[in-house]
Amino acid sequence: MLDKIDHLGVAVKSIDQALEFYRDVLGVEPTGMEEVPSQKVKVCFLPVGESNIELLEPTSEDSAIAKHIEKRGEGIAHLAFKVDDIEEALATLKAKGVRLINETPQPGAHGAKIAFIHPKASNGILIELCERNE
Ligand code: ZN
């Protein structure tokens with residue numbers, strides 16, 4: 001079902017400020033900034049090998065990322081796996097009784113389809129499934 005680790009989502013208060021470390025110190029070139037209204041965040045992808053770091057900056061106080069920062073501070077917010085067919089993956093998980101945050105795919109950054117699995121199902125890690133058409 002899982003292809004590879006697509007990205008690691010990192011909650012930050014400011015993408016511009018975070019880039020002073022990820023871009024200027026580590027030398028990772030961002031591949032573009034995008035707003036994702038469905039998740040109330042601005043995202044910036046930083047490719048590292050086959051995977052990416054996804055910086056997530058909240059655009060609204062009631063976004064899940066804003067709540068994450070308020071409760072736990074900045075840091076790793078989720079782990080995202082690439083899947084070939086997200087509808088099929090969700091159907092398989094549902095059939096196995098896995099608790100999901102999104103029962104149907106949501107629009108993600110760069111035209112991806114995404115859905116989150118509840119962290120109670122996965123030992124405390126918020127897992128994102130991500131289908132990209134590229
Ligand atoms: Zn993500």
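Start at 1 and go down the list; that is how both ligands and their atoms are numbered.
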Review point. For Leu129 and Ile86, which heavy atoms make the closest approach, and how far apart are they?
Key: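 Residues Leu129 and Ile86, closest heavy atoms: O-CD1, 3.5 Å.
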
Check your understanding: What closest approach, in Å, do His7 and His78 show between heavy atoms, and which atom pair accounts for it?
Key -> NE2-NE2, 3.4 Å

Practice item. Mind checking the OG-CG spacing from Ser122 to Leu93? Nearest 0.5 Å is all I need. Key: 10.0 Å

Practice item. Identify, by name, the N, O or S atom of Glu54 lying closest to the Zn ion (ligand 1). Key: OE1

Practice item. Using only N, O or S atoms, tell me which atom of Glu128 is closest to the Zn ion (ligand 1). Key: OE1

Review point. So is Arg132 actually on top of Phe45's ring, under 6.0 Å and inside 45° of the axis?
Key: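 Judged by the rule (NZ or CZ under 6.0 Å from the ring centre, within 45° of its axis), Arg132 counts as positioned above Phe45.
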
Check your understanding: Taking both backbone and side chain into account, is any N, O or S atom of Asp6 nearer than 2.8 Å to the Zn ion (ligand 1)?
Key ->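 No N, O or S atom of Asp6 is closer than 2.8 Å to the Zn ion (ligand 1), so no.
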
Check your understanding: Any N/O/S atom of Cys130 sitting less than 2.8 Å from the Zn ion (ligand 1), backbone or side chain?
Key -> no

